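Residue numbering restarts at 1 for every chain, and letters A, B, ... go by the order of the sequence lines. These figures come from a predicted structure and were not determined experimentally.
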Number of protein chains: 2
Amino acid sequence: MPAFSRFTPLISALPATVPFVGPEAIERNRGLIVKARIGANENGFGPAPSAIEAMCAAAGETWKYADPENFDLKQALAAHLGCKAENIAVGEGIDSLLGLIVRLVIDPGLPVVTSFGAYPTFNFHVAGHGGRLVTVPYVDDRENLDGLLEAVRRENAPLIYFANPDNPMGSWWDADSIVAFAEALPETCLMILDEAYCETGPADAMPAISALIGRPNVIRTRTFSKAYGMAGSRVGYAITTPGTAQAFDKIRNHFGMNRIGVAAALAALKDQAYLSDVIGRIKASRDRIAGIAAANGLKPLPSATNFVAIDCGRDGAYARSIVDGLMEHGVFIRMPGVAPLNRCIRVSVGPESDMALLEEALPKVLKGF
Amino acid sequence: MPAFSRFTPLISALPATVPFVGPEAIERNRGLIVKARIGANENGFGPAPSAIEAMCAAAGETWKYADPENFDLKQALAAHLGCKAENIAVGEGIDSLLGLIVRLVIDPGLPVVTSFGAYPTFNFHVAGHGGRLVTVPYVDDRENLDGLLEAVRRENAPLIYFANPDNPMGSWWDADSIVAFAEALPETCLMILDEAYCETGPADAMPAISALIGRPNVIRTRTFSKAYGMAGSRVGYAITTPGTAQAFDKIRNHFGMNRIGVAAALAALKDQAYLSDVIGRIKASRDRIAGIAAANGLKPLPSATNFVAIDCGRDGAYARSIVDGLMEHGVFIRMPGVAPLNRCIRVSVGPESDMALLEEALPKVLKGF
C-alpha cells in the first residue's frame, strides 16, 4: 500500500497499532454477536433520562458549531466542583485531553513515568510524541506511589500519569496519600491525575478540589463517560490552575466538541439524583460480579470503579482463554495487558441481563479447560 | 496566572490565540443577541429530518463508545464515493483531520505552503507544530495555482493546503486545473485538497474521486458540517490512498468520534433527496444574499460555497465596521482576515428570516457611515 513518502521520521517509525480493539471489530473479525457488552468500562445503566431528553432537544440545533469556549459547561462544572471556570479545560473525552497534555510537555526522547500495565491510550499518545516510557510495577495490584516518585526524580521526568481509582485494576489510594505524592513531586514534573472513575470510589479516596487546585503541575482529568454513562458523547474535562488550563487553548481543536454531547453533559450534571441512583446500581453490580467470580472459584479484587478485576489465579494465557471463551457466549470483557496484572480478567458493570449472561457463561467456559 | 513551568519550547513560544471567536463569545462580550447566525458558514437549513430522527434514536445508546474503526461509516462513504473503505479516514471534523495531517508531516521549521488569507484553523495547526507558513497571494480572489506550485518547488515544501471551493472567498477552480496541479506537485509534497464545500459547487469544479485516488500525496477532506447541516456533529473524513489513510491510525484519537454524530452522518448520507433539496435552498440563498448586497451598492462575488463574499469596495477597516455594525442589529457575519481579501464581508446562507434581518439591517449600517 503506497503511502506518502515524507512523513516525519517520528511518524514513519510508529507502528499502526491501536490502543484497544472495539467490540464491533471483535464481532466482525470473529463472526460473533456481543450480547453482554461489559468489557470497555462503559456504563450499561446508561445516561440519565434527562440527558437523553437534552440530546433529542439539541438534535435540531446540530447545524451550529458548539461554543468553542465551552462557556456554559465550564461555568456549570466550576459551580459543581467549587472552583472557577478558568480552572477548567474541556475536551473530547479524557483520551483527547491526554493527547494534548503529552503534546504540551513531551519532546522526542523525554521520559514519561507511568505504572507498568496502566492506561494503554496514554502510552499510545506518549509513543506518538516520541516520549520514552519509564514504567514502575504495580505493588499488590496498586500503583506504587513511592516507586513512581523515585522514578520521576531519577529520570528528571517532566510528566507522570497516575490514575485514581486505577484502571485496569480498580484499586485506589486514599486522598491524603495522593496529596502527599503531588506535594512531593518536583514542580518540573506535571502530574496527570486521571480521575475518570472518581464518582464511584470511596469518598476518602478523592482529594478535595481545593487540595490541589493551586498546583500548576497537577492536572486532574474527569469525564462523562463512566458514572454519567455517556462514553459515546466524548465529553471530558481537566481541572488545574488557570495558567495551565490556558495552555490547552494553544493547541486544542477549538471547534472540536459535539454540540449534543455538551448539551447532554449540562443536563447530566444537573441531574445528580440520577447519578446517585446509578452509582448505587454500579456498586451493586460490582458485588454481583464479585459474587459470580467467587462462585466460580475466582478471586474478585476490591474495586472503586465501574468494573471489577478478577484474579483467575494463573497466567495471562489462561486469562486470555477465559476472555476469548466468554466472547464465544456473547460476553465481551477485557483483561490487563501485561504480567502480573494479566492473571486477571476485567468485567465492567451492567444491568442484570448482562450479569445473568456472565453467570451462565463463566462456568461453561471454565469447565472447558 | 502560574502555569506549569516546563512545557516544550515550542508550546511556550505559542500565543494563546484562537482561530475564530464564536458568536456566543461575541454575545457575551458585547452584550448582544445573535438573531441571524450567518457568519460561521454553518447551514441554517439544518440537518435532514431523517438525521435528526437518527440522533434521537441513538441518544439512549450514548453509554457506548463509537466503533473506533468507524466501519459502517467508512463502508457507507466508500459506497457513496465509489472507492474502498480503506481509502477513507474519519475524524472529528475537518479541523481535527487538518491537525493530524500537519502532525504527520511537519517538524519544527519545515515550510508549509498556503494562500495568504486562507483557512486560519489550518494556520493555527501549522503554528502549533512549529511549521513555517509560506503564503502566496490570491489572484482575482482565487487561490493562485501557479504561484502555489512555484512556492512548493522553491521551498521544497512537504505540505500544501488548498481549498476548492475556497473559503473565505467562495471562488473555485475547475476539476481539470486541480488535477493538473496535483499531478505537477512533487510527490514529496502532500496536498491537502479541502473540499468542505464540494456539494455546493458546480459539477465541473470537483475532480472525480478516481482522478486522484491513486496519489499517496493527495488527501481530500470533506465534512458533514456544511451542505449536510451538521457542524455540531463533528464528522469529517479524508479520502486518499490506503497507505496514507492508515497513517492516521498511528496518531488519531481512536475513540474520538461521537456516537450520535456517526449515526447522524450515516442517516444523512442515505438521505440524498434531502441533500439535493438543501443544495437548492443554499443556491437560492446565495442569490438572495447577492441581491441584498447589490441593492446596497456592494458587489457580491460568485460563490460555489454556502456563503457569499461581498466586496465592500474599501479597506478592511470599512468592512470591519460593517461586520460590527450588523452585529449591533443581531446579524452575525464574518470577514476575511487580511488584505486585499478583507475589503470583503462574508455572509453565510440561511433561511429567509435571516435574510430578511440582513436586508433590513444592512442599509441602516451603511447609512451610519
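- Ranking A:D107, A:T241, A:L98 against chain B, the residue ahead of the rest is A:D107, based on heavy-atom pairs under 4.5 Å.
- If you tally non-hydrogen atom pairs under 4.5 Å between each of B:I52, B:N253, B:T8, B:D249 and chain A, the highest count goes to B:T8.
- Interface residue A:R28: only side-chain heavy atoms are found under 4.5 Å from chain B.
- Highest contact tally toward chain A, considering only B:A127, B:A58, B:S96, B:A264, is held by B:S96 [criterion: heavy-atom pairs under 4.5 Å].
- Residue with the most contacts toward chain B among A:G214, A:C189, A:A245: A:C189 (heavy-atom pairs, distance under 4.5 Å).
- The residues A:E92 and A:R252 are annotated as not salt-bridged, no charged nitrogen and carboxylate oxygen being separated by less than 4.0 angstrom.
- With chain B as partner, the option from A:G99, A:G256, A:A51 having the largest number of non-hydrogen pairs under 4.5 angstrom is A:G256.
- A 4.5 Å side-chain heavy-atom check between B:E69 and A:E24 finds every atom pair outside the cut-off.
- When the candidates B:V218, B:V262, B:N258, B:V21 are compared by the number of heavy-atom contacts under 4.5 Å with chain A, B:N258 comes out ahead.
- In this structure, the portion of A:F124 lying under 4.5 Å from any heavy atom of chain B is its side chain and not its backbone.
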Given the rule in the side-chain contact (heavy atoms from CB on, under 4.5 Å) test, do A:E61 and A:I260 qualify, once you have shown the distances and angles that lead to the verdict?
-> CA-CA 8 Å; A:E61 301 286 294; A:I260 293 178; over 6 Å; no
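- For B:R220, the salt bridge (charged side-chain N to carboxylate O under 4.0 Å, His left out) criterion is met by B:E195, not counting sequence neighbours.
- Neither the backbone nor the side chain of A:T240 has a heavy atom closer than 4.5 Å to any heavy atom of chain B.
- Within the 4.5 angstrom heavy-atom criterion, atoms from both the backbone and the side chain of A:F20 approach chain B.
- When side chains are defined from C-beta on, B:V152 counts as touching B:L185, because their heavy atoms get closer than 4.5 Å.
- In terms of heavy atoms, B:G46 sits closest to B:Y274 at O-OH, 3.0 Å.
- Donor-acceptor pairing under 3.5 Å is recorded for the side chains of B:N156 and A:R6.
- Rounding to the nearest 0.5 Å places CD1 of B:I219 at 7.0 Å from CG of B:L104.
- For a heavy-atom cut-off of 4.5 Å, chain A lies close to B:S225, B:K226, B:G229, B:M230, B:A231, B:G232 in residues 225-232 of chain B.
- Heavy atoms closer than 4.5 Å to chain B are found in both the backbone and the side chain of A:N217.
- The aromatic rings of A:Y65 and A:F255 sit perpendicular, their planes meeting at an angle over 60°, well past the 30° parallel limit.
- Only the backbone of A:I106 comes within less than 4.5 Å of a heavy atom in chain B; its side chain stays farther off.
- Most heavy-atom pairs under 4.5 Å with chain A: of the set B:G128, B:A54, B:A57, B:A66, this distinction falls to B:G128.
- To the nearest 0.5 Å, the span separating CD1 on B:I239 from OG1 on B:T244 amounts to 13.5 Å.
- Other residues, nucleotides and ligands contribute at most 12 non-hydrogen atoms within 6.0 Å of the CD atom of A:E53.
- The distance from atom OG1 of B:T62 to atom CZ of A:F224, rounded to the nearest 0.5 Å, is 13.5 Å.
- Looking at heavy atoms from C-beta onward, B:P242 lies out of side-chain contact with A:P2 at the 4.5 angstrom threshold.
- No other option in A:R103, A:E187, A:R215 has as many heavy-atom pairs under 4.5 Å with chain B as A:R103.
- Of the two parts of A:P15, only the backbone, made up of N, CA, C and O, holds a non-hydrogen atom closer than 4.5 Å to a non-hydrogen atom of chain B.
- Highest contact tally toward chain A, considering only B:D67, B:V105, B:D72, B:L159, is held by B:D67 [criterion: heavy-atom pairs under 4.5 Å].
- Comparing A:G22, A:S233, A:G261 by how many heavy-atom pairs each has under 4.5 Å with chain B, the most go to A:S233.
- Annotation: the span from A:I101 atom CD1 to B:F7 atom CZ amounts to 9.0 Å, rounded to 0.5 Å.
- Taking every heavy atom of both residues into account, A:W63 and B:G44 meet most closely at CE3-CA, 3.5 Å.
- Between chain B and the options A:M55, A:M257, A:R259, A:R234, heavy-atom pairs under 4.5 Å are most frequent for A:R234.
- No other option in B:T188, B:L10, B:T121, B:D95 has as many heavy-atom pairs under 4.5 Å with chain A as B:T188.
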